[in-house]
2 protein chains.
Amino acid sequence: MTSLTPETTNPHGGHTLEAMSALWSGELRSHGRRVTKQRLAVLAAVHGHPHSTAEEIVQHVREDLPTITVQSIYVVLADLTAIEMLRKFQPPGTPGLYETRTDDNHHHAFCIRCGRVEDVDCSVGEAPCLTPSESHGMTVLSADIVYRAICADCAAREAAEQESSSGPTAAVAP
Amino acid sequence: MTSLTPETTNPHGGHTLEAMSALWSGELRSHGRRVTKQRLAVLAAVHGHPHSTAEEIVQHVREDLPTITVQSIYVVLADLTAIEMLRKFQPPGTPGLYETRTDDNHHHAFCIRCGRVEDVDCSVGEAPCLTPSESHGMTVLSADIVYRAICADCAAREAAEQESSSGPTAAVAP
DNA sequence: AGCGTTATTGTGAATACCTCAGAATAACTG
DNA sequence: CAGTTATTCTGAGGTATTCACAATAACGCT
């Protein structure tokens, strides 16, 4: 922790890629999975680019492993999701998005205009939306929440367009 | 309400199909939409079979309109969803599901084993999961919640299978 | 370290779900 | 009832994802 060699510092936020890899390797093994460079590369890509689609992950992984195939990415993503090392969610009208934050109860806000996604720590408390722990005899495991929202940029842009259609600025002669 | 002719009684729960059609027609018109038999048939099908996929809705609608096409169903579903006469949601690994309950704050429990879906009236209160009304500058409109769950049947079946692998019952000679 | 076993990845193709552009039809207005 | 224009139909296309089988490489053992 006190060493300051180039290898131990990185822009990502405290943990080096090597440290993360070691962590991930252990976790993979504890789930009976082999540690492959493909899996580590996928984990690194998703960790570095949260809320990525499979296609985007392919691009990022190919910086390390230029020959990896789309199909392998899908297989790896599905498997890592199954053992909950990754989390998958799918706002309406978009392909599946992946992230590495799996152990906290957080959710997602999705801009229905531009598709932007932000993490939302559930503000009510611990796991408020898990309260219906029994319904119709079903045992609830977890809650996937997607907040349909409009981001600040889109709200501003729409306000401006609204203004221009009856106000003094812009769009004088269409 | 007091008439008891055959047309005014039906098994669905108080409202006749004709009454619903009149209601839907008015709602369509108020959204600037024309009242077509296709739209009414789709609304009736979804109303009679909540949590249906587009493909299932095609089957049901074809009982009335045998020649309707899958594409038209998709167009109608998308349009009715856009004006919020239908609600669409999509548990992981399944196609989009549609329902007519749009004006109440209810959510869905989804059995990750068999795919069964049940409505869940949010038990915490009014709209608890809408509390993060501002996050990252995004204005939240609504929350789509899918509870990942295991239904009673699947839980029982898995318990039985667990038992049989080390217990006395079943699967004596495979 | 080398070797065998078996999970994992790559290859090639296929599927499911959904959307698009343009022509034909039918719902509303007067 | 006739005209206008939304809506549906026809036919094709596209994207996200999955499948079966062959090739590869990670791990446990000596």
Side-chain angles (χ1 to χ4, degrees), chain A residues 21-22 24-46 51-59 61-62 64-83 85-86 88-98 115, chain B residues 21-22 24-46 51-59 61-62 64-83 85-86 88-98 115:
Chain A
S21 291
W24 290 327
S25 298
E27 216 173 326
L28 284 170
R29 267 185 255 271
S30 75
H31 283 286
R33 299 299 192 278
R34 292 180 182 174
V35 177
T36 66
K37 47 179 183 283
Q38 288 90 340
R39 284 204 247 249
L40 291 178
V42 166
L43 285 165
V46 176
H51 310 153
S52 292
T53 64
E55 209 58 47
E56 288 163 354
I57 294 165
V58 170
Q59 304 308 322
V61 170
R62 282 196 174 146
D64 285 320
L65 307 171
T67 64
I68 199 168
T69 62
V70 179
Q71 291 86 331
S72 296
I73 297 283
Y74 274 106
V75 171
V76 169
L77 286 173
D79 185 56
L80 293 178
T81 303
I83 63 176
M85 287 188 66
L86 291 180
K88 176 185 184 177
F89 67 100
Q90 192 157 9
T94 74
L97 306 180
Y98 295 86
Chain B
S21 290
W24 290 327
S25 298
E27 217 173 326
L28 284 170
R29 268 185 255 268
S30 75
H31 283 286
R33 299 301 193 278
R34 293 180 181 173
V35 178
T36 66
K37 47 181 185 284
Q38 289 89 340
R39 284 205 249 251
L40 291 178
V42 166
L43 284 165
V46 176
H51 310 152
S52 291
T53 64
E55 210 57 48
E56 288 163 354
I57 293 166
V58 170
Q59 304 307 322
V61 171
R62 283 196 174 145
D64 286 319
L65 307 171
T67 63
I68 199 168
T69 62
V70 180
Q71 291 87 330
S72 296
I73 297 285
Y74 274 108
V75 171
V76 169
L77 288 173
D79 184 56
L80 293 178
T81 303
I83 63 177
M85 288 187 66
L86 291 181
K88 176 184 184 178
F89 67 101
Q90 192 157 7
T94 73
L97 306 180
Y98 295 86

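Predicted model, so just to flag it, every value in this text is computed and none were measured. Hydrogens, waters and symmetry mates play no part in the numbers below; they use all other heavy atoms, side chains included. Sequence lines set the chain letters: A, B, ... in the order given, protein chains first and strands last, and positions in each chain run from 1.
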In terms of the nearest nucleotide of DNA chain D, which residue is placed more toward the 5' end: B:Ile68 or A:Gly96?
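Of the two residues, B:Ile68 wins.
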On DNA chain C, nearest-nucleotide positions of B:Pro95 versus B:Arg29: which is more 5'?
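Nearest-nucleotide comparison on DNA chain C picks B:Pro95.
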Start at the 5' end of DNA chain C and walk down; is the nucleotide closest to B:Arg33 or to A:Ser72 reached first?
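With B:Arg33 and A:Ser72 compared, the 5'-side residue is A:Ser72.
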Pick out which of A:Ile57, A:Val42, A:Val61 makes a side-chain contact (heavy atoms from CB on, under 4.5 Å) with A:Val76.
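Result: among A:Ile57, A:Val42, A:Val61, A:Val42 is the only option passing the side-chain contact (heavy atoms from CB on, under 4.5 Å) with A:Val76.
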Could you point out which residue of A:Leu80, A:Val35, A:Leu43 forms a side-chain contact (heavy atoms from CB on, under 4.5 Å) with A:Trp24?
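It is A:Leu43; the other options fail the test.
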How many Å lie between [atom1] on [X] and [atom2] on [N], as a whole number?
{"X": "B:Leu65", "N": "C:dT25", "atom1": "CG", "atom2": "C1'", "result": "14 Å"}
{"X": "A:Leu40", "N": "C:dT8", "atom1": "CG", "atom2": "P", "result": "13 Å"}
{"X": "A:Asp79", "N": "C:dT9", "atom1": "CG", "atom2": "P", "result": "8 Å"}
{"X": "B:Leu97", "N": "C:dC17", "atom1": "CG", "atom2": "P", "result": "11 Å"}
{"X": "B:Gln90", "N": "C:dC18", "atom1": "CD", "atom2": "P", "result": "6 Å"}

Just to confirm, is there a sub-4.0 Å distance from OP1 or OP2 of [N] to any side-chain nitrogen or oxygen of [X]?
{"X": "B:Arg34", "N": "C:dA26", "result": "no"}
{"X": "B:Tyr74", "N": "C:dT19", "result": "no"}
{"X": "A:Gln38", "N": "C:dG10", "result": "yes"}

Regarding B:Val35, tell me which of base, sugar-phosphate or nothing describes its non-hydrogen contacts under 4.0 Å with the strands shown.
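Counting heavy atoms under 4.0 Å across all strands, the contact made by B:Val35 is with sugar-phosphate only.
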Contact class for A:Gln71 vs. all strands (heavy atom < 4.0 Å): base, sugar-phosphate, or nothing?
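Result for A:Gln71 = base.
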Distance check, rounded to the nearest 0.5 Å: B:Lys88 atom NZ versus B:Leu97 atom CG?
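Output value for this atom pair is 9.5 Å.
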Side-chain heavy atoms of A:Ile68 within contact of A:Arg62, under 4.5 Å
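When only atoms from C-beta onward are counted, A:Arg62 and A:Ile68 do touch, with a gap below 4.5 Å.
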If you look at every heavy atom in A:Ser21 and A:Leu40, which pair is closest and at what distance?
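Closest pair (atom of A:Ser21, atom of A:Leu40, distance): O-CD2, 4.0 Å.
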If you compare all heavy atoms of A:Ser52 against all heavy atoms of A:Glu56, which two are closest, and at what distance to 0.1 Å?
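Residues A:Ser52 and A:Glu56, closest heavy atoms: CA-OE1, 3.2 Å.
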Which nucleotide span of DNA chain D, 5' end to 3' end, has atoms closer than 4.0 Å to non-hydrogen atoms of chain A?
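The footprint of chain A covers D:dA16 to D:dC27.
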Nucleotide nearest A:Thr36 when distance is taken to its side chain, options C:dT8, C:dC18, C:dC28
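Ranking C:dT8, C:dC18, C:dC28 by closest atom to the A:Thr36 side chain puts C:dT8 first.
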Does the distance from a Lys or Arg side-chain N to an Asp or Glu carboxylate O, for B:Asp64 and B:Lys37, drop under 4.0 Å?
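No, no charged N to carboxylate O under 4.0 Å.
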